[in-house]
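Reviewing the structure listed below.
On a predicted model such as this, the values are computed, not experimentally measured, just so you know.
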Amino acid sequence: MDFGFKLSPSSAVNLDTVDRRRYDRLVQLEPDALTCIGCGSCSATCTAAPWSGMSVRKVILGLQRGRDDEVDAMLSRCMLCGKCTMVCPRGINTRHLILTLCRLDKNGEAVR
Amino acid sequence: MVNRTPVIAVIGAGIAGLEAARQLAALGYEPVLIEKAPVAGGHVAEWNRLFPDMTPASEVIRPLLEQTSGIRTCLDTEIASINRLKDGFNLVLSDGSSLICQAVLFATGFHLFDASKKEEYGYGIYDRVITNRDLEQWFNTRHDPRVDHPKAVGFVHCVGSRDIKAGNAQCSKVCCITAIKQAIEIKEEFPDAEVYCFYMDLRLFGKKYEDFYIKAQRDYGIHFIRGRVSEVGEAIDGRVVVKAEDTLSGKPVRVTLDLLVLMAGIVCNPDAQHYAREIGATVDEDGFLKSRNNLAAITESSRPGVFFAGACTGAKTVPETLAEARSAALAIHQYLSKRG
Ligand SMILES: Cc1cc2nc3c(=O)[nH]c(=O)nc-3n(C[C@H](O)[C@H](O)[C@H](O)COP(=O)(O)OP(=O)(O)OC[C@H]3O[C@@H](n4cnc5c(N)ncnc54)[C@H](O)[C@@H]3O)c2cc1C
Ligand code: SF4
Ligand code: SF4
Ligand code: SF4
């Protein structure tokens with residue numbers, strides 16, 4: 001039935017129920033991802049960011065908060081140029097992290 | 001015969017007072033320690049292990065107490081009044097005696113912010129909410145029914161600090177690193193627990209502090225969420241529900257916890273203000289004692305013969321406090337030498 005309005009879904013993150021399986025698997029394979037400080041250097045330098053919204057910072061954060069859909073949309077924009085890796089102050093191999101992540105489905109299982 | 005050794009009243013026998021008294025005695029003066037608590041050692045005597053090397057606090061306190069055992073120490077003693085004399089000061093103590101001295105050193109330290117004043121965090125209302133001090137005590141005694149094999153633990157940074165409404169605009173400086181230290185200790189104790197730190201900024205300024213942070217992230221998987229906890233409620237099973245904004249993603253977050261630790265901040269000691277005013281020294285806008293010069297003369301007040309050491313002028317770490325205590329002893333030595 002159409003009431004002429006609809007409820008907007010809540011954007012709140014409930015950490016009690018959040019599904020972090022893909023993140024947990026990622027940090028097993030790429031432990032450096034744990035040390036991200038959310039500084040945004042990667043996004044600031046990213047060649048794809050200005051047109052596509054790609055951001056390694058947001059990818060890592062999105063995984064921690066169980067926002068898999070947002071993460072996949074961003075990953076598909078990456079050109080694997082590797083600029084982000086050059087600027088990360090924690091020395092995270094972000095390009096490699098993106099490649100590893102592309103091989104994990106949302107349950108953290110290897111897909112290819 | 002008149003005793004010509006100059007006497008220095010050291011108010012407060014925390015680590016600042018003890019270290020300064022030890023140095024003054026070594027320089028040939030007669031320090032007298034006045035401590036209102038029944039034991040010496042101040043706040044550090046309440047802590048369990050100290051950042052950044054996890055040194056037991058007793059390893060700092062014990063040698064200080066041993067090396068000051070020959071110094072006159074009045075425990076359980078408060079100051080009834082202080083007067084300035086022509087060339088010194090007269091302190092009337094709570095036991096009725098009076099002490100004539102040539103210089104006064106304030107080593108009166110800080111107060112821990114009373115966390116129950118931030119009602120929205122529920123300290124004293126909910127059973128699962130404790131403070132940084134309570135947790136140190138639990139590490140010492142292992143007795144606290146509120147700490148019962150928690151599976152999810154949160155740390156709230158900046159409780160009563162950086163909070164103009166709570167009357168404290170200043171940063172307490174030691175609580176970011178203390179939260180990280182305690183979060184690691186909780187993880188060591190309860191490896192299966194999820195641990196969250198809710199911070200506004202992480203201020204990890206000191207030697208090895210950033211390494212501690214990296215360790216907390218990489219080796220212990222502690223979750224850092226940038227956002228100030230706005231409210232805490234109690235769930236039907238007695239656990240606490242915490243709400244904050246994850247400001248990095250711009251989304252509200254909520255989480256249910258078995259234990260919430262409030263990082264109560266370092267605030268001024270009102271006693272110190274009272275005595276300082278009585279003796280003619282100045283109190284700063286933040287309520288701490290005001291140094292003559294914050295760069296070059298941090299241990300000197302604007303009143304000749306009155307000196308400061310340690311957390312009475314603002315938040316300090318242990319090494320900073322000890323260094324200041326030594327520096328204050330030298331400043332007193334110079335002052336007394338000049339007077340002849
Ligand atoms: C939760 C917490 C954990 C910390 N952990 C660490 C750590 O791991 N490592 C580190 O480097 N630093 C740590 N610190 C900082 C450390 O506690 C301070 O550096 C230290 O306590 C300062 O010593 P102080 O002697 O100046 O003051 P205090 O320790 O406050 O001592 C002041 C003394 O003066 C006495 N006094 C006060 N007023 C009067 C009066 N009117 N008359 C007589 N006596 C009086 C008090 O009873 C007390 O004994 C921590 C702080 C907090 C809050
Ligand atoms: S590798 Fe991808 S994320 Fe990194 S800068 Fe290049 S396009 Fe951006
Ligand atoms: S540059 Fe590195 S530390 Fe900074 S946000 Fe990107 S991945 Fe994280
Ligand atoms: S040290 Fe950290 S927790 Fe403490 S008041 Fe400063 S910013 Fe807040």
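- When all heavy atoms of B/Arg218 and A/Thr35 are compared, the pair lying nearest together is CB-CG2, 3.7 Å.
- To the nearest 0.5 angstrom, B/Arg226 atom CZ is 12.5 Å from A/Ile37 atom CD1.
- A/Arg90 contributes no side-chain N or O that, together with a main-chain N or O of B/Ile214, makes up a donor-acceptor pair within less than 3.5 Å.
- When every heavy atom of B/Gly221 is checked against every heavy atom of A/Leu34, the shortest pair comes out as CA-CD2, 4.5 Å.
- Among the residues in residues 123-151 of chain B, none has a non-hydrogen atom closer than 4.5 angstrom to a non-hydrogen atom of chain A.
- More than 12 heavy atoms of other residues, nucleotides or ligands shown are found within 6.0 angstrom of NZ on B/Lys251.
- Most heavy-atom pairs under 4.5 Å with chain B: of the set A/Gln64, A/Lys58, A/Arg67, this distinction falls to A/Arg67.
- Applying the 6.0 Å contact sphere to CE of A/Met86 captures no more than 12 heavy atoms from other residues, nucleotides or ligands.
- For B/Asp246, the part sitting under 4.5 Å from any heavy atom of chain A is the side chain, from C-beta outward, and nothing else.
- In this structure, B/Glu119 places its CD atom where only 12 or fewer heavy-atom neighbours from other residues, nucleotides or ligands lie under 6.0 Å away.
- Comparing B/Leu202, B/Leu257, B/Ile225 by how many heavy-atom pairs each has under 4.5 Å with chain A, the most go to B/Ile225.
- Qualifying salt bridge (charged side-chain N to carboxylate O under 4.0 Å, His left out) partners for A/Asp69, counting only residues two or more places apart in sequence or in other chains: none.
- By a heavy-atom distance cut of under 4.5 Å, B/Glu194, B/Tyr196 are the residues of residues 178-198 of chain B near chain A, going up by number.
- Residues satisfying the side-chain hydrogen bond (donor to acceptor under 3.5 Å, both in side chains) test with B/Lys173, not counting sequence neighbours, are B/Glu320.
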